[in-house]
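Each chain gets a letter, A, B and so on, in the order its sequence line appears, and its residues count up from 1. Quantities reported herein were computed from a predicted structural model and do not represent experimental measurements.
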There are 2 protein chains.
Amino acid sequence: MTVDTLAHVSCADCPIRHRAVCARCEEDELAALDGIKYYRSYEAGQSIIWSGDVMNFVGSVVSGIATLTQTMEDGRTQMVGLLLPSDFVGRPGRSGAAYNVVATTDLVMCCFRKKPFEDLMARTPHIAQRLLEMTLDELDAAREWMLVLGRKTAREKIASLLTIIARRDASLTPQGVVNTLTFDLPLTREAMADYLGLTLETVSRQMSALKKDGVITLEGKRRIHVPNMARLFEEAGDDSDGGFLS
Amino acid sequence: MTVDTLAHVSCADCPIRHRAVCARCEEDELAALDGIKYYRSYEAGQSIIWSGDVMNFVGSVVSGIATLTQTMEDGRTQMVGLLLPSDFVGRPGRSGAAYNVVATTDLVMCCFRKKPFEDLMARTPHIAQRLLEMTLDELDAAREWMLVLGRKTAREKIASLLTIIARRDASLTPQGVVNTLTFDLPLTREAMADYLGLTLETVSRQMSALKKDGVITLEGKRRIHVPNMARLFEEAGDDSDGGFLS
DNA sequence: AATCCCATTTGATCCAGGTCAATTTCAGTC
DNA sequence: GACTGAAATTGACCTGGATCAAATGGGATT
């Protein structure tokens, strides 16, 4: 494969269909670029980018999870994004980061220094277009989340978060159309609270309430079973399942 | 000027410095494109794009204001963005819109049909890069707003909104560094509420409170005077003024 | 198996902002 | 200058989620 195909739009034979770029294929295609790309490893809890840092690289997550958070001086924090394998961070041509990026698990990123990456983009317009697509997807997701933060009740917020994780998880291990699903919740109650603009106590209470009402069942603390996805979407107040069901 | 320079990054002699692309210069540069671009006019209150619509065009606002809103079936709405002159809407290569776009004033847009625009992007990579820059700016703004929606108090939310409008207004009519400012608020209380995830009553109460505390004064309903911008930034809970002061 | 350390759950109380309802203000319009 | 209707203000009350505090659970270490 050549550099020109880095930015292919779909990746039919890859199980990671929901991501904008399939990390595995990307790996293959970027093999042509040895010497330009390099790898960085982070431990769980380690800060990757601190708000205001100069961003002299662009990176794609290979494995692990990182969170994007905004913080106020008094400690209030809001998670504004989740970075999963194949997601990009960094901004070619911009010097100050607007938020913190922290690894929540051990994490490996595939990086490019700013200048080589810019050259690469100039040479292969497909890459810039692919990045534009991905960024527009993220913008849509951010705007959808604004509705969650601004207008939904605590219970709806929890249900919304669960549908997002479930959807993502289901597309990672596709098994046709299912109305029942079991998945891991890779977040602490506190992280969920930071994502949803709630306190961890409220998150815990609402999780208990959803359990009591039979919307979910818990196996251990982190493993969630949803007997009826349609019910969960309903609880989330979504007007559609985003094509998940049927 | 040539098409190649459409995507110039800065526009030193243009008063509209805060926008990603200067509408005026863009107009000039796009003059070379007559026959590809065309104009659309909308009346105040008219819907430009309805959630789910096929987006077969890309458009830049020439004059007027439009809002992007998300809606739930029960009527709860959240404004997720504001379109001002020079802002882009539409998504080359994507068919379903994620939200509603409604003109709040009479509005004129400069549009491109999807296909010619894609061709244009392919021919002139600068345009794709410029759009990427703009989209990343919007993503940053959306993420900043998520902190406002998720973690700020009603008073801080109002102050944050005023800060944004004031900043935008100040850059439209630059007058050096000022610590005092008067500007129009182009939104009803209800629109402010939809933006901030509050009710219009709470907006009204907090406006009154800010007035009583001397943070702002009102001339009529819509004209706002801020005697001390530093104080307003403080009320917004922002850790910085974003380079507005000093 | 006992200990320690967190994450989580649960309870009790409080309060910011929502809800419902009644005025007031003001830009048009005749 | 009086009339009208939409926008805005203000008041009274209620409630969802925050806050403060205590108890429980479960995984790692020894």
Nucleotide dT24(C), atom P - distance to CG of L218(B) in whole Å: 19 Å
Assuming nearest nucleotide by heavy-atom distance, tell me which of E201(A) and A154(A) is located more 5' along DNA chain D. A154(A)
Can you list the steps and then say if K211(A) with T217(A) is a side-chain hydrogen bond (donor to acceptor under 3.5 Å, both in side chains)? CA-CA 5 Å; K211(A) 191 169 64 179; T217(A) 44; over 6 Å; no
Looking only at dA8(D), dT9(C), dG17(C), the nucleotide nearest the Q206(B) side chain is dG17(C)
Suppose we call a contact any N or O donor and acceptor under 3.5 Å apart; does that hold for the side chain of R205(B) and the base of dG11(D)? yes
Checking R40(B) against F57(B): charged group under 6.0 Å from the ring centre and within 45 degrees of the axis? yes
Within this structure, what is the CE-to-P distance between M207(A) and dG17(D), rounded to whole angstrom? 16 Å
Nearest to the side chain of L198(B), which nucleotide is it out of dT9(D), dG17(D), dG18(C)? dG18(C)
Please name all residues satisfying salt bridge (Lys or Arg N to Asp or Glu O under 4.0 Å) with E138(B), sequence neighbours left out, ordered by chain then number. R143(A)
Can you tell me how far P of dA8(D) sits from CG of D194(B), to the nearest Å? 13 Å
Strictly below 4.0 Å: does T202(B) bring a side-chain N or O up to OP1 or OP2 of dG17(C)? no
Think S204(A) has a side-chain N or O under 4.0 angstrom from the OP1 or OP2 of dA7(C)? no
If we ignore hydrogens and angles and just use 3.5 Å, is the side chain of T105(A) paired with the main-chain N or O of I65(A) as donor and acceptor? yes
By the definition side-chain hydrogen bond (donor to acceptor under 3.5 Å, both in side chains), identify the one residue from N100(A), D194(A), T71(A), T67(A) that meets it with T77(A). D194(A)
Does a donor on one side chain and an acceptor on the other come within less than 3.5 Å for T163(B) and S160(B)? no
Note the angle between the end axes of the helix from dA1(C)-dT30(D) to dC30(C)-dG1(D), five pairs defining each, rounded to 10 degrees. 40°
Hey, what do you get for CG (L147(B)) to CD (Q78(A)), rounding to the nearest 0.5 Å? 6.5 Å
Length of the line joining E156(A):CD and dG16(D):P, which is rounded to integer Å: 12 Å
Whole angstroms only, please: what is the CG-P distance between D74(A) and dA18(D)? 15 Å
Rounded to whole angstroms, how far apart are CG on D184(B) and P on dA27(C)? 13 Å
Considering only side-chain heavy atoms of T199(B), which listed nucleotide, dG17(C), dT10(C), dT19(C), is closest? dT19(C)
Rounded to whole angstrom units, what separation is found between the CD1 atom of I158(B) and the C1' atom of dT9(D)? 14 Å
Interatomic distance where CZ belongs to R155(B) and C1' belongs to dC15(C) [whole Å]: 16 Å
By nearest-heavy-atom nucleotide on DNA chain C, the more 5' of L200(A) and R151(A) is L200(A)
